[in-house]
Each structure stands twice: as structure tokens, then as C-alpha cells.
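Protein chains get the first letters and strands the later ones, always in sequence-line order, with residue 1 at the start of each. Just the heavy atoms: all of them, side chains too, but no hydrogens, waters or symmetry mates, feed the values below.
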Amino acid sequence: MPAPHHQPRLEDRFLTRRDFLCRCGMGFGMLGLAQLLGSSLLADEVTNNTPLAPRSPPFPSQAKRIIHIFANGGPSHIDTFDPKPMLAKLHGQPLPMDNLKTERKTGAAFQSPFKFKKYGQSGIEVSDLFPHVAESIDDICVIRSMHADVPNHEPSLLLMNCGESRQPRPSMGSWITYGLGTENQNLPGFITLCPGGYPIQESQNWQSAFLPGIYQGTYINTANKEIEKLIENIKNKSVSLDEQRQQLDLLKSFNEQHAKRRAADARFEARVQSFELAYRMQMDATDAFDISREPESVRKMYGDGTQGRQILIARRLLERGVRFVQVWHGDGQPWDSHDDLEEGHGRLARESDQPIGALLKDLKQRGMLDDTLVIWGGEFGRTPTVELPTPGANAGKVNGRDHNHYGFSMWMAGGGVRGGYVHGATDEFGFKAVDKPVHVHDLHATILQLLGFDHTKLTFRHAGRDYRLTDVYGNVVKELIA
Amino acid sequence: MKRWAFCLILAAATPLVAVEPTAEQIEFFEAKIRPVFADNCYSCHSAAQKIKGGLRLDASAALLKGGENGPVIVPGDPDASVLIKAVRYTDADLQMPPKNKKLPAEKIALLEAWVKMGAPLPKDVDVKPLLTEVSVARTQHWAFQTVQKPAVPKVKKSSWVQTPVDNFILAKLEEKKLKPAPQADRRTLIRRLNYNLLGLPPTPEEVIAFERDKSPDAYAKVVDRLLASPHYGERWGRHWLDVARYADTKGYLAGGEERRYKFSYTYRDYVIRAFNEDKSYDQFLIEQIAADRLPLGEDKSSLAALGFLTLGRRFLNNPNDIIDDRIDVVTRGTMGLTVTCARCHDHKFEPIPTEDYYALHGIFDSSEEPGELPLLKPLTDSPQYQDYLKEVAKINKEIGEFEEKEIEKFRADLRKNVGDYLIAANEASKLEDQSKFDDLAGNQKVLPVILRRWMTVLTEPQKQSDPILGPWFECTRFSGTNFTVEVKPLLDRLASDSPGANLVVAKAIVEKKPESLKQVAEVYEQLFQNIDAEWAEAQKNAAKEKQATPVSLTDTNREALRLVLYAEKSPVNVPDSEVRKIHARRLGEGAAPLRNKIEALSWTHPGVPTRAMAMADRPNPHNSPVFKRGNPGNRGAEVPRRFLEVLSTEQPMLFTNGSGRLELARAIASTNNPLTARVYVNRVWLQHFGAGLVSTPGDFGVRTEAPLQHDLLDYLAATFMENGWSTKKLHRLIVLSATYQQSSDASPKNLAADPENRYFDHMNRRRLDFESLRDTLLAASGKLDPQVGGLPVDLVTEPFPTRRTIYGLIDRQNLPGVFRTFDFANPDTSNQGRFFTTVPQQALFLMNSPFVIQQAQQLVKRDGIARAKTQKDKIEAMYQLLWQRPAETSEVRQAEKFLALQPTATTSLSPLEKYAQVLLLSNELMFVD
């Protein structure tokens, strides 16, 4: 097993408290300030001394920011991006193989109720659930050979988000924000959007675990429309911005006098600047979340449902330099169609297809698709066979699919991935990844590579070990990279 | 050592092997063999690059030792050597170098020749000893050597010395020709002491009294007073709770299970009390690991200590993950050893073989949480307790009613679906492959267990002409090609008063004129539904008329039908016990909210008796086998329960007293344990100075080099143990030192020579952590509740509680944002220190949160400020209160200017409140010099 060890550690590049003492003695205080302001000119010249200051990855990379659209619950690959004509032939009959063991019992072959069609120059087939997304298929790299470890939501969500299914480990967004900082100091670097509440496994999906708490995703319930409910403490209900400005001026003067009486300490200035940033954040964040500032044509393109609104918010965040935005379809596990798959998947796709399609086109029009990595997928896929009734566990309608971690589809677009390309394949029924299988660890390794990291070297020393997103696994899938 | 011996024995048994390599042989290795390794193998198998599979080829000892799977060379025998096998590419699964980079034949021949001559190697290619080897580390790694009390060094400027700590510090400074920083002023000292020992600011009166006290022991008196304060335990107990990864909840759990621990706080309060009472640290540890194995007598309060083990995350109740968490908190928390890395294989960086892990695994797997948690105090009857019992009984009754209703509903559904089962049973009777029975049931949308019951019951009537089901079976025997034709004779017969047939059934079938078997099933289904409804009606009417409950239907034909549903052996009259099994999930999840209501009484009802989150030994303790690669399904050899090999003298002592937890606890809390005292005094030093003597407080393993102040660390550890493991005596030794009393401003010379302050030539300036900050804001507003101990409170919901932050509810699953923002401890893993980040979210909290604004508003309402006559007096009072110093004239003027500029009527905050808030946000409040 390859193990990360004896490598220069990224956290060594952070300025520790003692470094502060040392540096300020040599007049680095002002550079620290420049860092806080996010001035990219100075970003490379000074060692990082705030946890969120933007940093360059060790290798050149095209992707600068990420949006991960999480179709939580497990969208069916067979009904979306992985057509299986064999199922139509066998519909209602047992597969000529034993059904693989999934969470619940499944029965006969179950053909997709959705029709597939070829799109774009690449001619990749996509079902009629995602016509808008399919219009951008030539920018999309479909991975049809994803696989994970177990057919249960909780461990699979943790695996997809944190690279480990049981133990508390930092999420991918935390690792990336730790590695790259963020471009806009007036907004959190890692934001997770989910309307209505938490997905299964809750905030563990965006946990920072043993990394500093600031790398944890900032959760925003996009069912809310008022800014105060979106970001904690973003508005003062007692004083106006002008009055607050006066307060902060007084604070500055207090702090100057305090600093004057002491030997230099860069932490003093860093804290002063954190108030200035917070002050500006109140305005910038309000602006970022206010989609009414978008032209009507754009709002129309995204649609006016919850998904349209939150994906448009996500684009505004990306545009403003937020490093990692994760967008969840909804609380719980909406894509978990154990029953009524046709109705359920139909509705969910209707809600999200147009906004995601709009996002891809919008990013491209703005020239942002080249350096924005878009990821779509769930925690696993679904069985090609019909789920059988389990008392207390499903409605027993025998018209849905069970979880399937043996094979499923995800897609990526932009950020240097190879568009119009299909990678790998499941078997003829869509049960198991058989050609060029891509494990979740491999996906993570590839994502980090797209961002300019060697996944074995982005590490953090904790409890006697150098931990990393891919643990001791993961191979970069070079074919996915343009 | 063992493996070396193994190699030597092999060598001796092979006559071709020269025991001492000759100079020519060494020359051969260096000229011919090492280049092959270096060019082809080092990239994956050397210390400088990677050590894949645990195999190093760049050091003699390591090379002979081999990798994770054992030795790779058998000196003298190439054919038996894994390394030779690998380079030969004969085994598809073992090919080195990998990926079709087979070595040229002549190089393979060289390697074979080298092994054949006995694999001669230079004495010590690698000068560094292999500290991952247990026997090497045991004798060579500094932290594994028994603590010896070093002599106190002599210093030139002995007048500076206050406690022996200063001798060690000053001796090193004098060596480096550096001077310590001057003593800090009194206001700084008392503020430092207060925050350090209590986590709270001193009151203005305390500051003034200290400044005025001219007695030589003025400082020591403050130290004594603070160490005697009940708030001391709240501050230092919290440091230990960081180590103990304390939280009040279990983490993510499925199925609606209550996530909150019922009595987590009894552990937190035990810790606070232990610090306040200066419980000896060895006893403190023993109680936390094995209080249940101690002779406790009447007072069971120390059972609460076991929360140290039990209050971790529950990992969806996976037992091995829970054990892993416990092994980690014990080994890393108390000894700074990262044992859990050995869960899947020998530790790659530490002398911890995987057997060590499973020796501990057996201990924890032989321990369990008792079904009924032990009481902390003897039960005393009280009206409140009686009321609590009543509440529990009431909810239990609701659970019973809920389950009864669910069970009855389940049966009612079965009675409604007779047709489906008849069809399914007919299909199932034709099934050849019985292993497909469940699938068939599923596809027919029926429950397999119920279908089996139907099939059993149907066997008899099928054989004869059953009055009720006879017609059904007759229909099932039709070929089905032309049902209407085939059914005709049956219909005629039933219509003509056929003897033996149930008249109700006959009538219904005749009327329906079924055209398919499915329609026949529908007839039966409808019939049974009607009968069931009729029966329910009859019962209801009887109840309404207050008559005796009927026992049967009057019409015999109808009664016969009823009996199909209600006879004792009816397939749908499933006994309760059976329904509970089949329907367990729904019953469990449905009753979860009610069961959670009982749990919640533990923190809402005043009459609940407090209990310990205890552990107990299982009746039959057992050893665990090694789980290969951490996989419980892949078991290796059993390992006896015992202590870690590297910390045992020769053969590790086996643990035989129950699970072995008490023996484990004693082995840790022992003066012979080289780590326990060192790790602890280092943690205490860290909290006093903001930096440890060892910079990795949770890792004293072989990758951690001996600290610069190694002697001081050992002196503190030895003295600590001599003083009966007294934490308060250790505090005195440290805080009474001149080192501790230094100013936090370093001279330019010291800064240049020692930029990281590794020599402790000045004090490190500290920033308030989350708890100190919030407690300070409450102290400022005068609202801080001084009560010690008790139930956790929700800190983030209005009305905001005014208890100290240590009493805040810690939900490890969804920790409120403000905890994260201010770098609170990670509640999932033993912490070795806090981060101190500076981010705008912290500022947003201070600027805008209703909590902070309320404190500013309360502050100006305090007596000393509200009653002050002039604005100047108010300003001065606030300076004393918040910054513990008088305001200067220029500062008062600045305040007056600010206040004068503020409009008074436009907002909800008064000018003085706005001013007060700014004082609360200041660096002067946030930093402790």
C-alpha cells in the first residue's frame, strides 16, 4: 500500500502563531494584510498566513473552482446516462445471472421507462430525463463505470464526500479549501447549499474533521429567501451600516493604541482586518445571494423553482471566487426511488435538468466553464432489476429500483475534463462496472489532479499519520482529463 | 530482535552461508547489487521515497527484516526467497519491478548469486536505528525510557530563579547568551493567571487589591486563591475534555434512535470535580478506564469517570469502530501513542505491531455498557422520583398501545388480501427451484412468510373437496386456455345447490361468472372482506348495545368463512410474537419517538436519578483474533489480552482480571510507564505557555524527537510523580516560576536569536478561545451564572443561557457554527491542541449576533455603570471592568467624542451601548499578554 510519509507537509506552510511573532519582527505585518484582502499580486510572494488566503497548487491546473451537484439518494444510471437495451428485451423476466446482493431484494429485469437519444457531435446517449443537460454533452465526460463499496446511503455518502465511509474525515471541499484557500475573502470558501434541511448523514457530508473548523462547509438552507437566514450573523438588527462603520473606526483606534504599547504582533493586524472583511462581507454576501440582480433572461434560463434559484446562486458564488460549492437536491434522500421510479425520477429530473443545463451554458458563455469543474452524481446508482416489497421499508409497489454501488454513472464538465467522452461501461444489464472501473477514490484522485494536486501529497498530519482525501488508495484516471 | 534471531538461525542451518561477510562479498554487494536496488527499487522501497508494503531495501536490517508479509530473502536459498521469485516474474501476482519492467536476465542472475552466497550486507548501511522495531525503540527512543529525575542545573544569575523550572530555562538561555524578558506588571500577571487558571477575567477589585499588596507572597496568594476556586475545575476540566473528545450526543444514527446521551454530563462534572479536588492523576486515569473494577464502597460517584470510554461517536453502532475510538482515546489521550494505525497492519512509523492493537481490542470487546446504567447515588424515594416513574409508565403504556394498534392493522391488511395470496400460492406450488420462493413472493407483492403460512394451511383442503376453497382449487386445475368454457360445468354445479359447497361462496362465484382465475381470486377476496366487515360490525353493535361480545356469526356458512380468517391456525391470524418479528422495523421506528420521550425525561424531568455512563466486564472475557487488514471477516491468530509490547519489559504481562481493563489502567497510570507522566506534564505546560515542550502533545512516538527542554520535561514528570501525581502542585511549580512571569514582549535580540520562542525567553501572548471569550462577555455583562455542574444547555438558541460555556450542549453531529468558527475542539477525536484561526466569521459574530449585543446592553445596565454619575465615570468603570486598567485622559476624551457624535433616537442601541460593544470587540480584551 502506498503511504504518505516524510513528505513536505502543506500545513508547514501555514504561519503558526510563533511565526507571526517572528515575522512581524521583520515587518511582515503588512504583507499579511495584503493577503487578507485577497490581493492576488502578493498571494504568491508571501507564505500563507491566513487559512483562507488563496494559494497556488503545486502543479499547473485548469480547474480553479468546483461545483458539485449532488443528486442525493442515488439517481438511477440506467434511466439517465447509461442506456441498457437488454433490459427492454428481458423486461419482467429474471436476469440470466444471479442478482447482485444489494440493500434489499430485487426481482426481474426492469426496463427503463425513459427513452434514450443521441446528442451532440459525440453522439452520447442520454435519456429524456435530461434533455437540457444533454445539449452540452460535447462538454461532458460521462463516467459509466463508477463503483463504491456498499449499497447503503450513510457510508456511501461519506465515501463520496470524505473518501472514507465510517470514520470522521475531512470532506473533499475541506481538503480543497485547505489546499487552495479561496479567492474571495468576503465569502466563505466552501459553501454547501441544500433546500429544506440536511441530507442524510447531515453536516458530516461537509465536515472538516481534524482540519481547522474554518474549512468546514458553510451550510445554507436555500429554501429561505431572506439573506439573514442564509448566513449566520450577516446582518445587524440593531444598528445601521453607517453606525457600524463608526463603531469599527473606534475599534480600529482602540486596537492601534493597544498595538502601540506592545511589541509588534501580526495577529493584532490580522484581527483588525477580519473586522474590515466582515463589514464588507455583509454587503457582498447580500449581493451574492440576491438573484433578483440577474437579468430576467438569465433567471428564465435557470427557471424559477428551488433548483433554478439555488443553482443560479451557486453560479453567482463561483463567479465571486468561492472555491467549492456543493448543491444538494434536497433534504433527506430525494433521488431514492425504491418505488414509483418513473414518477419520482421524472419529477426530480424536471426540477433539476433545466437549471443544470442552464448552468453549463451560462458558464460557457461567461468563459467560466474552462476553469470551473462541474460534477454531477449521487452516492451510487440503482439496480437494473425491480425492487421487491419489504414490509416497513417500501410501499411494495414493485415499480422502483434498489441501491446499486457495483456500477453507476457520474459526469463532469469543464475545468479541463475531456468533453464528449464516455469512460468505462457497466455489464449489459447495468448491474456492475466491468470496463475501466472507476472507484470513488479514483474519482477523488482525478479531481485533485484537475485542481493541480498530486492526491498523495495533499496531506495533513493527525494522530501520528499524514492523512489525505484518498487515504491509501486512488489512481488518477488520465483518460478523463483533456 | 526476534526476526534477527530467525535470520541467523537460518543462516546457521545453511552451510553455504558465511556468517561474517568478507570484504570481497561486501564489495560485490556495493558494486553489483546496490545499484540494481537503487535504480529499480528505491523509488518504492526506501526511506527517502516510499516504503511500499513495509519493505525497505536501502538498509541492511530492514532488508533482512522484509516487509509486511515477512522476510523477502532467505540467505543461501534463492528459490525460497520472495525477492528472487518476484524479479523472476514467474508468479503473475508477484512481479517486481511492477508493470512489465522485468529486470534483464544478467541482473536477475546477479541477485540470485548474491542470495546464494548468503546475502552478504555491509554492517550498517543505514546509520539510523530502526525505531519501528520494537526491541530497538524500547531501548533507544527517548520517550520510551523510564523517567529519571535530572539534576537541577546551576545558573549564573541565580537571583532570577523562583522555582527549579527557572534553572532549566535560564541554563539554556545563558548557554545561548540570551536574557529572559523582564517580569510583567501586576495587572498583566493577574489577568494572565486568571485566564490561565479560571478562564475568566479578574474583577476590578481583585486587580486593585493585588496591585496594592506589597507582601512578598502577594503573587503566590493569588495563585492559591485561584487554584481553590470552583471555576478552576471548569477551566482545566475543559482542557481534559478536549483530550477525551467529549460530546453529549452519539453522532449519526439511523432509525430515529435518540442521539443524546442521557447522562453525559455526569462525566463532565466528574472531570470538573476531579480537578477541583486535585484528584491524583494516576487515580483519575484508573477511574476513567476501570472505575467499575475498583472497590468503591458506598460512594459510587467515580463510576461517572467511565464516560471517558463510552461517550464517543457511535458509528451507526458498529462495534469495531466503537472499540477503535476507545483504543484511540486511551492510547493517544494518555500516552501520546497512535496505536489505532495498527488496526489494519503493523504501524508503519511506530513500533506498534498489529497484535498490540488486537490485544487491546480483546480488552474492550470483553467490556460492555450495562443495560441498566448504575446509579451514582443510592436511590431515595421522593415525590419527584415517583412522578418520574409515573411518566415512564405512562409512555410505556402508549408504546404498548401503539404496538397493539400496528399489529392489529397488519393483520387486518392480511385479511383484506386473501386473493393475492391465493394467486401467489398457486404460482408457488408450481415452483421448481425453491430458492426462488422469496423472489416469487416479491413479484406477486406478497410477504414470503405469510405466503408460507397460506401454503401450509392450503395443503389439506387441496386434497379434498373443501366447501369453501374447493371451487378455487378446481379452477386452478383448468388449463386456462379457454377459462369460460372450462368453468361452465363448475358454475352449473354450484348454481344447482351442489351438496357440500359453502352456499355463500357458491352464490358469489355463480353471480360473478368469472372469466379468469384472477377473477375467481377477486371473488374470494371480496367475500372475505365482506365477512370481515360484517364481523367488525357485529362486534361494534354488541359494544354499543352493551351486550356480550359475539363469539361467532349466526349463519353457519358465513361463520365457516369467518373461521378461515380467525381460526387459531388461520394463515392470517398471525400471533403477536410473529407479527413483531415480521414487522419489527415498522414497530421499532414507529415507537422510536415514544421511546425517545422516555430518554428525554433524563434531561427534562427533575425526578430522574442520575446514572453513570458506565462500562462493565462481560461475564465471559475473551481474546480477539487479528483482523487482517482490519477486516473482521478475515481472522488471523488470536492475541492474548495484554499491554503494548514496546512498553513492556520482556514478555508482556497477560491481563487476566476480567476484561483486563483494570490491569490496562494500572499499566498506564504507573510510575514505570515512561509516557504517561511526560505526556501529561507536557499538556499542562502547553496550557500554561501556549506551546508544549514537545510540540506534538498527542504524539510521543518515534517520529517525535527529544525536545530541546528534555531535562525540564523529565524533571517536571519526575517531580509530578513524586508529588503524588498532584496537578495543583505541578501548576504551582510552573506558574510561580520567573519563566511564567515574564513579559510577553520579546526583546529584539531574543526575537532574532529565538524567533519561535523555543527557549521560553518571553511569555507567549495568548488569544481567548471560544469558552474564555463567551465567558468573558457574560462576566462583562454581569450575567454569568456561577453554578458549577449540571445539565447541558443549548447555547445558540434565544433566550441565551448565561451558564459558562463548558455547560453548552455539544452535539457532535451538527455542532453549531459558532463553535466551529471559534476553533472549538473536534468532538470526534482526542485533541492535541486547539487551532487559533482569524476569520471574518468571528468578527461577524461579535458585531452582529444578538448574544453579543445583549451583553453590551446588559453591561451598561450594571450597577457600577448605570449608577455612575458622569459619563466620564461610566467610561472609567467600563475600562476597569473590561480591560482591568484605568482609562487614560485621552481615552476618556476619545469616548466622549464618539458618544457625542452618535444620534440618540434613530436606532435601538444607545450611544453608550454601542461604545460598550466596541470595547468588547477589542484586541485588548481578546489577547492576554
Interface moiety of K252(A) toward chain B, non-hydrogen atoms closer than 4.5 Å: neither
Nearest-0.5 Å distance, CG of residue L251(A) to CG of residue L919(B): 9.5 Å
Less than 4.5 Å to any heavy atom of chain B: does that hold for the side chain of E387(A), its backbone, both, or neither? neither
Between M847(B) and N233(A), is any pair of side-chain heavy atoms under 4.5 Å apart? no
Is it the case that the side chains of Q207(A) and R820(B) hold a donor-acceptor pair, with the cut-off being a distance below 3.5 Å and no angle test? no
Which answer fits L248(A), side chain, backbone, both or neither, if we ask what part of it has an atom under 4.5 Å from a heavy atom of chain B? side chain
Applying a strict 4.5 Å limit to non-hydrogen atoms, the region of Q244(A) in contact with chain B is side chain
Mind checking whether E154(A) and L316(B) have side chains closer than 4.5 Å, heavy atoms only? yes
Just so I know, are the side chains of F268(A) and R765(B) near enough to count as touching, which here means a heavy-atom distance under 4.5 Å? yes
Rounded distance (nearest 0.5 Å) linking atom CZ of R169(A) with atom OG1 of T829(B): 8.5 Å
State, with a plain yes or no, whether a side-chain heavy atom of Y915(B) is found less than 4.5 Å away from one of Q247(A). no
What part of Q216(A) is in contact with chain B, defined as an atom under 4.5 angstrom from a non-hydrogen atom: side chain, backbone, both or neither? side chain
Contacting moiety of Y198(A), where chain B heavy atoms sit under 4.5 Å: side chain
As an exercise, state the distance from CD1 of I200(A) to OH of Y252(B), rounded to the nearest 0.5 Å. 4.0 Å
Please determine, among R834(B), R812(B), Q842(B), Q841(B), the option with the most heavy-atom pairs under 4.5 Å with chain A. Q841(B)
Using a distance-only test with no angle check, is there a side-chain donor-acceptor pair under 3.5 angstrom linking S203(A) and N814(B)? yes
Between the side chains of N236(A) and N848(B), is a donor N or O closer than 3.5 angstrom to an acceptor N or O? yes
Quick one: are P168(A) and F315(B) in side-chain contact, heavy atoms under 4.5 Å? yes
Interatomic distance, NE2@H258(A) vs CH2@W883(B), rounded to 0.5 Å, equals 8.5 Å
To the nearest 0.5 Å, how far apart are CD in E232(A) and CG in L844(B)? 9.5 Å
Quick one: are N831(B) and F210(A) in side-chain contact, heavy atoms under 4.5 Å? no
Check for a donor-acceptor pair, side chain of D745(B) on one end and backbone N or O of A263(A) on the other, with a separation under 3.5 Å. yes
Please check if any side-chain donor atom of E243(A) sits under 3.5 Å from a side-chain acceptor atom of Q902(B), or the reverse. no
Please classify the contact of Q282(A) with chain B as side chain, backbone, both or neither, using a heavy-atom distance under 4.5 Å. side chain
Do F254(A) and N923(B) have side chains that approach each other closer than 4.5 Å (heavy atoms only, starting at C-beta)? no
Are M926(B) and R267(A) side-chain neighbours, meaning at least one heavy-atom pair lies under 4.5 Å? no
